[in-house]
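Below is one structure; the comments refer to it alone.
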Amino acid sequence: MILETMLTDWMRKVFSGVLEGTPIEPGRVVVVATADGAFGDYQCNAAMGLARVARRKPVEIASLVKERIDAARSDFLERVEVAGPGFLNLYLRTDWLVEILDQIAVDVRHGVPRVGEGRTVLIDYSSPNVAKPMHIGHIRSTVIGNALDRCYRYLGYRVIADNHIGDWGTQFGILILGYRNFLDRDALRDHPIEELERLYVKSYEQARQSTEWMDQARQELVKLQAGDPENRRLWAEFIQLSLAEFETIYRRLDVKFDLIRGESYYHDQLAPMLARVMEAGIARESEGALVAFLEEEKLPPAIVRKSDGAFNYAATDVATVLSRVAEFNPDRIVYVTDERQQLHFKQFFAICRRLGVTVQLEHVWFGLMRLPEGTFSTRQGNVIKLDRLLDEAEARAAALVKELTPEMEPERQTQVARAVGIGAVKYADLSQNPQSLVTFSWDKALSMNGNSAPYLQYAYARMASLRDKYRERFPTGKPETFPLQMTEPVERVLALALVRFPETLIRAVESSKPSLLADYLYNLAGTYSTFYQNVPVLKAAEGVRESRVRLGGAVADVLRTGLNLLGIEAPERI
RNA sequence: ACCCCCGUAGCUCAGUUGGAUAGAGCAUCGGAUUUCUAAUCCGACGGUCGCAGGUUCAAGCCCUGCCGGGGGUGCCA
């Protein structure tokens, strides 16, 4: 059940009863969680907003609403208060909260409805380029996309996670030329990606200095796209080497795709797509290229085929949408890329709409990763590679585990270090608004204190440990046969937080912001830590003890589920 | 030149889409462990929400202008 939705529906009815004859637009009356417990559990601010149309004072409306609510007996509401200019503060009945919590505690889904049942969403994320190593700039798309992937699945959607590899761009012309001229075979055998990258960088340097070199690179690309056997062979080798390297990273990050289809997969569909575009009159010839003019959408022109006859990424992306619609018929396609592609997405979305595509297209963009000294790029050679970041994270976590949990067997220490290190890296990206620009720092990416994955994992491990200690000390105890009691204020706060898990998750998915879930989990873990530190559990009297074990168990379940939805492991011991 | 983002505590960032007294982490300072994991907890310090107007019961959030930073703008992706 979604508490927020339930309260909103109920409040809307109350309002329309009070303001008979006044039209109330949907969305006008909304109940939301209070920011501060001092104002109750949930609040409704609609009285102020409706004052004008109803031509009455806000406080008057609020008071009438309160009267009506007071007149009816409620099984979920303790009381409602009118405050300030017309706020309605709702205080939920604790016994009702306990009842809901009772249901959630035994529900494997923690009260989350399968709102995506029967719907399909395709998520296009990670999408690295062949022949380049994955660096810290790729981690945001991978981690954010994967979190969305997991959340959508949990909500009951059929999800198709597609890794749209960059295997068809201009870089191959440059790379093939570099391969022919500068290849070091031993280096290719020992460090394939590094060598390919070196070849690309060197060839790119040449191209910058010489237009002749650049033209030659273009020709190699055209040959490749035309099916030249030798270029095809090289191209296939580059891809195979790259995929193997990407796979080791994805394994470490526990990221799995349903499809790995490069841009090349859609190659045969480019010409038919173009025919449709031309037929629909969306594009026309201009300076030798085929260009879609998008004045109606107030967008600059988009080239769909270059004057040399080659297709570019706008063409590929449109063809990709058509192919996906034909094959999977998704309700929604979500793209996770960095901010630089915003215009491109607006343009090709517009072309798709003109072609009559009705699937919901969404671009989830995130701020570019920067270094303190500025931007980084392959060409400048100041990239921080992803495997190095992960190595460092695991090393730091390992040192911490050894220091703080020396009694743990070494094999387990390694496992925990991996979960903690990788978790820290992922959480660093997930815990902030994706759209803010990010300055990379080792200490932030690998933070193990405060608002970090290890903090959440630590809280979880304490819960798990407490649960096990209870079994140890009270082998015949059956907590589930005892009622939940809210004897300390912090317990009620925990109960309320648990009940809010479904609405938080749904909000996170709807706004494509895993950070909302991360934020929720941090609050939950923080409240639990306060509880743990200040409220005895195993030493409490029988009954209270079992109630607290149950409450802690419910928090643990939600925390673990939430962490897993972010792609973060929750070890039982840490 | 135009378009899109961003600007919040010393630093790094949240801020539930317009709600009440703007919150965390780090850093600094002070406290808590004969007790269920101190990777923790409790407290203190810290703010002209870039600047100036506007909209309204209410603005960090919406509108206009300006300043600063980043990104983008018909043959890269």
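Per chain, numbering begins at 1; letters A, B, ... match sequence-line order. Just so you know, these numbers come straight off a predicted model, no measurement behind them.
- Only the C1' atoms considered, B:A27 is 8 Å distant from B:C11, to the nearest whole Å.
- Heavy atoms of A:N89 sit under 4.0 angstrom from at least one base atom.
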Should A:R261 and A:T320 be marked as a side chain to side chain donor-acceptor pair (under 3.5 Å) after you check the CA-CA gap, both sets of side-chain angles, and the distance that decides it? CA-CA 10 Å; A:R261 281 186 187 168; A:T320 301; over 6 Å; no

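- A:Y458 contributes no side-chain N or O that forms a donor-acceptor pair with the base of B:A39 under 3.5 Å.
- For A:E297 and A:K346, the salt-bridge test fails: no basic side-chain N is under 4.0 Å from an acidic carboxylate O.
- Taking atom C1' in both B:U28 and B:U37, the straight-line distance is 27 Å, to the nearest Å.
- Across all strands, A:S529 comes closer than 4.0 Å only to sugar-phosphate atoms, never to a base (heavy-atom distances).
- Using a 4.0 Å heavy-atom cutoff across all strands shown, A:V130 reaches no nucleic acid atom at all.
- Across all strands, A:A35 comes closer than 4.0 Å to base atoms (heavy-atom distances).
- Put simply, NZ on A:K346 is 20 Å from P on B:A77, counting in whole angstrom units.
- Between A:F349 and A:H363, the two ring planes are perpendicular [angle over 60°; tilted spans 30° to 60°].
- Rounded to the nearest Å, the gap between the C1' atom of B:G7 and that of B:C66 is 14 Å.
- Remark: B:G60 base-pairs with no nucleotide in the shown strands. Criterion, Watson-Crick or G-U wobble with two distances under 3.5 Å.
- Looking at A:S465, its side chain has no donor and acceptor atom pair within 3.5 Å of the base of B:C36.
- Ring orientation note: the planes of A:F172 and A:W235 are nearly perpendicular, at an angle over 60° on the 30°/60° scale.
- Between B:C61 and B:A22, the distance separating the two C1' atoms is 12 Å to the nearest Å.
- Among the heavy atoms of the strands lying under 4.0 Å from A:A83 is at least one base atom, whether or not backbone atoms are also near.
- Judged by centroid separation below 5.5 Å and plane tilt below 30°, A:Y522 does not stack onto the base of B:A24.
- For B:A1, the paired base is B:U73 (Watson-Crick or G-U wobble, both distances below 3.5 Å).
- Rounded to a whole Å, the CE atom of A:M448 is 14 Å from the P atom of B:A39.
- For the C1' atoms, the distance linking B:G65 with B:G23 amounts to 31 Å, nearest Å.
- Between the C1' atoms of B:C62 and B:U55, the separation comes to 8 Å (whole Å).
- Under the Watson-Crick and G-U wobble criteria, each requiring two contacts below 3.5 Å, nucleotide B:U17 is left unpaired.
- Ring planes of A:Y335 and A:F348: perpendicular class, angle over 60° (limits at 30 and 60°).
- Here A:N45 lies in heavy-atom contact (under 4.0 Å) with a base.
- With B:G15, B:C4, B:A39 as the choices, the nucleotide that has an atom nearest any side-chain atom of A:V401 turns out to be B:A39.
- Comparing the C1' positions of B:A58 and B:A14 gives an interatomic distance of 22 Å, to the nearest angstrom.
- Between A:P571 and A:Q415, the closest side-chain pair of non-hydrogen atoms is not below 4.5 Å.
- Using a 4.0 Å heavy-atom cutoff across all strands shown, A:N523 reaches no nucleic acid atom at all.
- Ring-to-base geometry does not place A:Y455 in a stacked arrangement with B:A39 (centre distance under 5.5 Å, plane angle under 30° required).
- A donor-acceptor contact under 3.5 angstrom links the side-chain atoms of A:Q43 to the base of B:A20.
- Ion pairing between A:R467 and A:E572 holds under the 4.0 Å rule for side-chain N and carboxylate O.
- The gap from the C1' atom of B:C67 to that of B:C26 amounts to 30 Å, rounded to the nearest Å.
- For B:U17, the glycosidic angle deviates from 0 by 90° or less, giving a syn base.
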